[in-house]
Structures are given as C-alpha cells and as structure tokens.
Amino acid sequence: MVSLLSNPRFRRYCLLVSPPRSLRAKFFIFFAATLTCIYVTSIFLPYALTSHQLFALATRASRAPGICPPRTWAAGKWVSKPPPTHRTGFNASSDAYEFLGLQGCASTREVFWHLAADNDKLWDRFPGVASWKWLPPSHCQIRDLDPEAVVKDLVEHGGWFLIDDSVTENHFLSLSCLLYAHVCATPNYIENQYWDRAWPQNLYMEPSSPLVRKLNFPPGFDIASTPLVTFRRVDLLLEPSRLDNLYQSLHPDSGHVNETCTTFRRPRTSKVSPLLCRIATMPRWSSARGVTGRHRAKRWRPG
C-alpha cells in the first residue's frame with residue numbers, strides 16, 4: 001500500500017478525484033455544476049413538458065382539495081379585517097366595486113341590487129360591511145380563493161350547473177365578480193333589463209384573459225360557445241300541481257286546497273319540472289361537479 005501511494009502516477013490520479021480543499025476551488029466546481037444543470041434543462045425540458053404542463057405543475061399544489069365539512073365550517077366566527085379602501089364617501093351605486101374590493105362583475109342582471117348598493121339610504125353601511133371575514137375553525141384546511149386556479153379548474157376539469165332561487169343567483173353573480181378578469185356573461189341585461197330572469201345565465205372564458213395561453217383546453221372546448229358556469233333560476237323544484245298534491249296528502253282536511261283549487265295564486269310561477277332539471281344536467285350542458293364533468297353546451301342567446 002505504501003509503495004502504491006509512493007507511485008507518482010497513482011498520486012496524480014488521486015488529485016483528480018479527491019475533494020477540493022480551497023474555497024476558490026469549491027466555488028468554481030459549484031458554479032460549473034450549476035451552469036451544467038441550467039444548460040441540460042434548457043435543452044431537454046422544452047421537449048419533455050409543454051407550457052400547459054408547466055402551468056399545471058405550478059398550480060397543482062393550489063388545487064389540493066380543502067378539508068372542512070359544512071358543520072365544521074359553520075362553527076366559525078366573523079372577525080374584523082381592514083376594509084378594501086380607505087374612502088369614506090359612498091356617492092353612487094358604482095362605488096360598491098371599490099368599497100368591496102372588486103374590479104367589476106361580469107353578470108349584468110340587477111348587479112347593484114345583489115350588492116345591496118341600489119338604495120342610497122343604505123350606503124352608510126360601507127365600508128363597514130366589507131370590514132369582516134368568516135374565520136373557520138383552526139382545524140379547517142381551507143385555502144384562499146385564487147381566481148386563476150378556479151378558472152383553470154372550470155376549464156380543464158368540468159364546469160358547474162347551478163339551479164335554485166335568488167340566493168343561488170347571488171352566488172352566481174359573486175362568482176362573476178371574483179372571476180371578472182377572466183370571464184364574460186350572457187345574457188346582457190344592460191341591453192334589455194326586462195328580459196326574463198328565468199332565462200339561463202352563463203359565464204364564458206374571456207378571450208382576452210392572459211390565462212388563455214396557459215390553459216390546457218380539453219377536446220371540443222370552444223371559448224365562444226362552451227360555458228364554464230350556467231345558472232338556472234328556479235324558485236320551485238317541483239311543478240305547482242305536484243306541490244298541491246303533496247300538500248293535500250299531508251293535510252287532507254285542509255280547506256285551503258282541494259281538487260279544483262291551488263295554493264298558487266300568482267298567474268306566473270317561476271318553475272322548472274324535474275324532467276328539465278335532468279335534461280339540464282346532461283353532458284350537452286355545462287355540468288355540475290360530479291354529474292358529468294364535461295363541457296358540451298352551446299352559447300345561449302335570447303330571442
């Protein structure tokens with residue numbers, strides 16, 4: 001062993017494989033290794049991953065599902081937070097956007113009524129009404145809403161079909177406000193505010209959104225005709241005749257309803273039959289999560 005170490009040729013090879021001792025040598029090796037990694041990555045990574053895939057990797061962590069059952073979520077509390085603006089003078093209904101921290105809303109049906117900004121007697125509620133947030137229990141794993149991640153999920157993993165009364169319509173409008181930079185809505189109720197509220201309302205991908213270049217659109221997806229979210233205003237999930245029958249079966253001795261009388265006195269009742277509800281959630285419609293998970297709806301226009 002001693003004779004081997006004394007061999008000049010062997011000692012020369014040992015110098016090549018032995019770790020560097022000086023700080024300058026270590027820095028040089030680290031710098032060279034970093035440049036090599038960057039060079040190899042720039043050559044092979046574009047062939048391995050497309051820009052859509054890179055965007056998917058960047059947002060995959062944000063799509064991890066939260067864990068918070070409804071009862072646990074309801075056990076939270078309201079806590080104060082700084083208002084979105086330091087302005088104090090609320091002078092017009094359109095000021096609601098700034099006071100609520102919104103850029104705007106894509107939906108155009110009774111926007112300021114939904115935002116409770118159509119009555120000047122209630123304007124003094126701002127900005128106080130926007131100075132609170134709901135805080136769920138600490139063991140709820142809920143991430144903050146990310147508009148880009150929501151749009152990506154709606155495009156790549158299936159849209160939503162919302163069906164219910166004015167409360168759900170408020171949810172639809174809120175969603176159109178939160179996703180305002182990336183979606184557009186139909187019908188345009190500014191053109192005619194008297195269009196029927198029962199008509200389907202849709203959110204579509206906004207062609208000018210910067211996300212268009214990053215999303216991985218599924219086969220058959222058309223920005224101009226495939227809705228991300230569809231809302232159908234339905235105040236009754238059963239037809240009036242079936243509700244009358246249900247009331248009669250529960251209260252057979254009641255004098256309010258009989259075979260020739262109904263509980264519904266209004267000449268018009270906003271309703272959709274269960275059959276239409278089933279049709280609306282078929283694959284040709286923007287789907288509810290867990291119903292179809294597919295997009296096949298055509299853009300709806302009034303008239």
**OP:** State which residues pass side-chain hydrogen bond (donor to acceptor under 3.5 Å, both in side chains) with Glu169; sequence neighbours excluded, sorted by chain then number.
**Re:** Arg109, Gln201, Arg233
Original post:
Tell me, which pairs form a side-chain hydrogen bond (donor to acceptor under 3.5 Å, both in side chains) where one or both residues lie in residues 88-108, sequence neighbours left out?
Top reply: Thr85-Glu98, Arg87-Asp95, Arg87-Glu98
Subject >> Non-hydrogen side-chain atoms of Ser131 and Pro83 separated by less than 4.5 Å >> reply: yes
Subject >> Note, Val155 side chain near Leu211 side chain (heavy atom, < 4.5 Å) >> reply: no
Original post:
If you look at every heavy atom in Pro252 and Ser249, which pair is closest and at what distance?
Top reply: CD-O, 4.0 Å
Original post:
Does the side chain of Ser176 come within less than 4.5 Å of Leu173's, by heavy atoms?
Top reply: yes
Original post:
Under a single-linkage definition using a 4.5 Å side-chain heavy-atom cutoff for Ile, Leu, Val, Met, Phe, Trp and Tyr, are Trp132 and Trp134 assigned to the same hydrophobic cluster?
Top reply: yes
Subject >> Separation of Ile223 CD1 from Tyr204 OH (nearest 0.5 Å) >> reply: 13.0 Å
Original post:
At what distance, to the nearest 0.5 angstrom, does CZ of Phe217 lie from OG1 of Thr226?
Top reply: 9.5 Å
Original post:
Which atom names give the shortest non-hydrogen contact between Ala185 and Ala106, and what distance separates them?
Top reply: CB-O, 3.4 Å
Original post:
Looking at Ala198 and Asp196, what are the two nearest heavy atoms and their distance?
Top reply: N-OD1, 2.9 Å
**OP:** Please report the shortest heavy-atom distance between Leu215 and Met205, naming the atom on each side.
**Re:** CD1-CE, 3.7 Å
Original post:
Side-chain heavy atoms under 4.5 angstrom apart, residues restricted to Ile, Leu, Val, Met, Phe, Trp, Tyr: same cluster for Trp73 and Leu135?
Top reply: no
Subject >> Heavy-atom pair of closest approach, residues Lys81 and Ala130 >> reply: NZ-O, 3.0 Å
Subject >> His139 atom NE2, neighbour heavy-atom count above 12 within 6.0 Å >> reply: yes
Original post:
Got a sec, which pairs hit ring pair (Phe, Tyr, Trp, His ring centres under 6.0 Å) with one end in residues 168-189, sequence neighbours left out?
Top reply: Phe172-Phe231
Subject >> Distance in Å, Cys177 SG paired with Leu100 CG, rounded so as to fall on 0.5 Å steps >> reply: 8.5 Å
Original post:
When rounded to the nearest 0.5 angstrom, what distance separates NE2 in His114 from OG in Ser166?
Top reply: 7.5 Å
**OP:** Could you check if a side-chain atom of Leu178 sits within less than 4.5 angstrom of a side-chain atom of Leu145, using non-hydrogen atoms only?
**Re:** yes
Subject >> Distance in Å, Leu250 CG paired with Asn245 CG, rounded so as to fall on 0.5 Å steps >> reply: 11.0 Å
**OP:** Please round to the nearest 0.5 Å and tell me the distance separating atom CG of Leu228 and atom CG of Leu203.
**Re:** 7.0 Å
Subject >> For the student: nearest non-hydrogen atoms of Val212 and Pro207, plus distance >> reply: CG2-O, 3.6 Å
Original post:
Side chain of Trp123, backbone of Ala92: donor and acceptor closer than 3.5 Å?
Top reply: no
**OP:** Test side chain to side chain contact (heavy atoms under 4.5 Å, CB included) on Leu154 and Leu179 and set out the steps.
**Re:** CA-CA 11 Å; Leu154 290 171; Leu179 308 181; 4.1 Å; yes
